[in-house]
Amino acid sequence: MSTEALVTELGGTISKELLELALTHSSHAYENGGSNNERLEFLGDSILGYLVAGYVFQENPDLNEGELTKLKNAVVSAQALASAANRINLGSYLKLGKGEEQTSGRNKVNLLADAFEALIGAAYLTAGIDSAAQIIKRHIFPLLKDPDAIREASDPKTSLIELAARNSLGSIRYEVSGTGPDHEMVYTANCFAAERLLSSGIGTSKRAAETQAAIEALRLLANA
């Protein structure tokens, strides 16, 4: 898809210049010069939290402060945002440096989540809060009406175990290996259902790699 198709899929209005910036990771900017999406990510994160908090408050009058916080955090987590990003194939549009390309940066949870927030920030700067809200309403709010979707977004490893059990796929297990120096270790997790390889994930910790592998497995099984 073209970047114009990406904006259409997102649902908001984003200028071409800000769209390019939102899709530019710091690794690409470092290698090629220019700006990256970190400032837009900061802005988008704040807008996302504000709009989700307001929605959760209005839609759940019987929940106390702790319950509201738990619900809000579930859908603004990196895992939830990465799941939303994967549904629109956001990783394929990102501008990455060589190092991130070589370590499957297009599939990394935090990188995808940051880019999704940067797009929200870009939509806000382009056309105001309503433009940013259109993206959040289309891709985030639906999670709040579906307990299974919340679980899958915030806890993909547990969701994968439950899906495998429902479909008699066998027990889920991970084989994790690491490469690189201790202070820059990169982990790869291969996710298996019984002896069947479902997916792989890469992260800067074993947990992050396993989480990414679980997200990818859920995506692949949903499209099978």
Side-chain angles (χ1 to χ4, degrees), residues 6-14 18-19 22 37-90 108-167 207-208 210-212 214-219 221-223:
L6 172 63
V7 175
T8 299
E9 182 72 15
L10 278 169
T13 300
I14 304 177
L18 287 173
L19 176 62
N37 63 7
E38 291 178 354
R39 282 173 52 85
L40 287 177
E41 175 214 334
F42 164 79
L43 180 61
D45 176 71
S46 297
I47 294 167
L48 175 66
Y50 163 69
L51 291 175
V52 170
Y55 183 83
V56 168
F57 181 86
Q58 293 291 340
E59 294 293 314
N60 300 277
D62 297 327
L63 296 186
N64 61 35
E65 183 270 343
E67 293 167 329
L68 291 171
T69 298
K70 184 177 181 179
L71 189 58
K72 169 182 172 287
N73 288 345
V75 297
V76 300
S77 67
Q79 289 89 346
L81 295 177
S83 293
N86 275 326
R87 286 194 293 274
I88 58 174
N89 199 25
L90 179 57
K108 290 182 180 177
V109 170
N110 288 339
L111 193 151
L112 288 169
D114 292 348
F116 195 89
E117 289 177 334
L119 288 167
I120 293 172
Y124 172 80
L125 291 177
T126 299
I129 193 69
D130 288 342
S131 179
Q134 287 177 25
I135 297 174
I136 296 167
K137 288 177 181 177
R138 176 176 292 190
H139 299 282
I140 303 301
F141 286 176
L143 296 177
L144 294 162
K145 297 183 180 296
D146 185 347
D148 291 335
I150 291 178
R151 166 64 74 84
E152 180 174 326
S154 62
D155 190 0
K157 291 177 67 175
T158 298
S159 293
L160 180 59
I161 291 171
E162 294 173 347
L163 178 64
R166 288 196 303 271
N167 292 278
R207 180 178 179 181
E210 290 177 355
T211 297
Q212 180 56 54
I215 290 173
E216 180 65 9
L218 287 166
R219 185 183 70 81
L221 290 172
N223 294 326

Run Leu160 and Leu221 through side chain to side chain contact (heavy atoms under 4.5 Å, CB included) and show every step you take.
CA-CA 9 Å; Leu160 180 59; Leu221 290 172; 3.9 Å; yes
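- Remark: the Thr158 side chain and the Glu162 side chain contain no N/O donor-acceptor pair separated by less than 3.5 Å.
- Counting heavy atoms from C-beta on, the side chains of Leu163 and Arg166 come closer than 4.5 Å.
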Side chain to side chain contact (heavy atoms under 4.5 Å, CB included) for Phe116 and His139? Distances and angles first, verdict last.
CA-CA 10 Å; Phe116 195 89; His139 299 282; 3.8 Å; yes
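- Counting heavy atoms from C-beta on, the side chains of Phe57 and Leu63 never come closer than 4.5 Å.
- Between Leu40 and Leu119, the closest side-chain pair of non-hydrogen atoms is not below 4.5 Å.
- Side-chain atoms of Ser159 and Leu218, non-hydrogen and from C-beta on, do get closer than 4.5 Å to each other.
- Closest heavy-atom contact between Ala22 and Asn37: O-ND2, 3.0 Å.
- Looking at Ser131, its side chain never comes within 3.5 Å of a backbone N or O of Gly128 through a donor-acceptor pair.
- Residues Asp114 and Leu81 form no side-chain contact, since every pair of their non-hydrogen atoms from C-beta on lies 4.5 Å or further apart.
- Residues Gln79 and Thr211 form a side-chain contact, since some pair of their non-hydrogen atoms from C-beta on lies under 4.5 Å apart.
- Here the NZ-CG distance, from Lys72 to Leu48, works out to 7.5 Å after rounding to the nearest 0.5 Å.
- Heavy-atom minimum distance, Gly12 versus Val7: O-CG1, 3.3 Å.
- At least one donor-acceptor pair under 3.5 Å links the side chain of Arg138 to the backbone N or O of Glu9.
- Here the side chains of Leu10 and Leu90 are not in contact, with every heavy-atom distance at 4.5 Å or above.
- To the nearest 0.5 Å, atoms OG1 (Thr13) and CG (Leu125) are separated by 13.0 Å.
- Rounding to the nearest 0.5 angstrom, the gap separating the NZ atom in Lys108 from the CD1 atom in Ile215 is 14.0 Å.
- Interatomic distance, CD1 of Ile88 versus CG of Leu6, reported as 5.5 Å (0.5 Å rounding).
- Between the side chain of Gln212 and the main chain of Val109, a donor-acceptor pair closer than 3.5 Å is present.
- Of all heavy-atom pairs spanning Ala122 and Ile14, the tightest one is CB-CG2, 3.7 Å.
- One distance of note links CD1 of Ile135 with OH of Tyr124; it measures 14.0 Å at 0.5 Å rounding.
- Here the straight-line distance linking atom CD1 of Ile129 with atom CD1 of Ile120 works out to 9.5 Å at 0.5 Å rounding.
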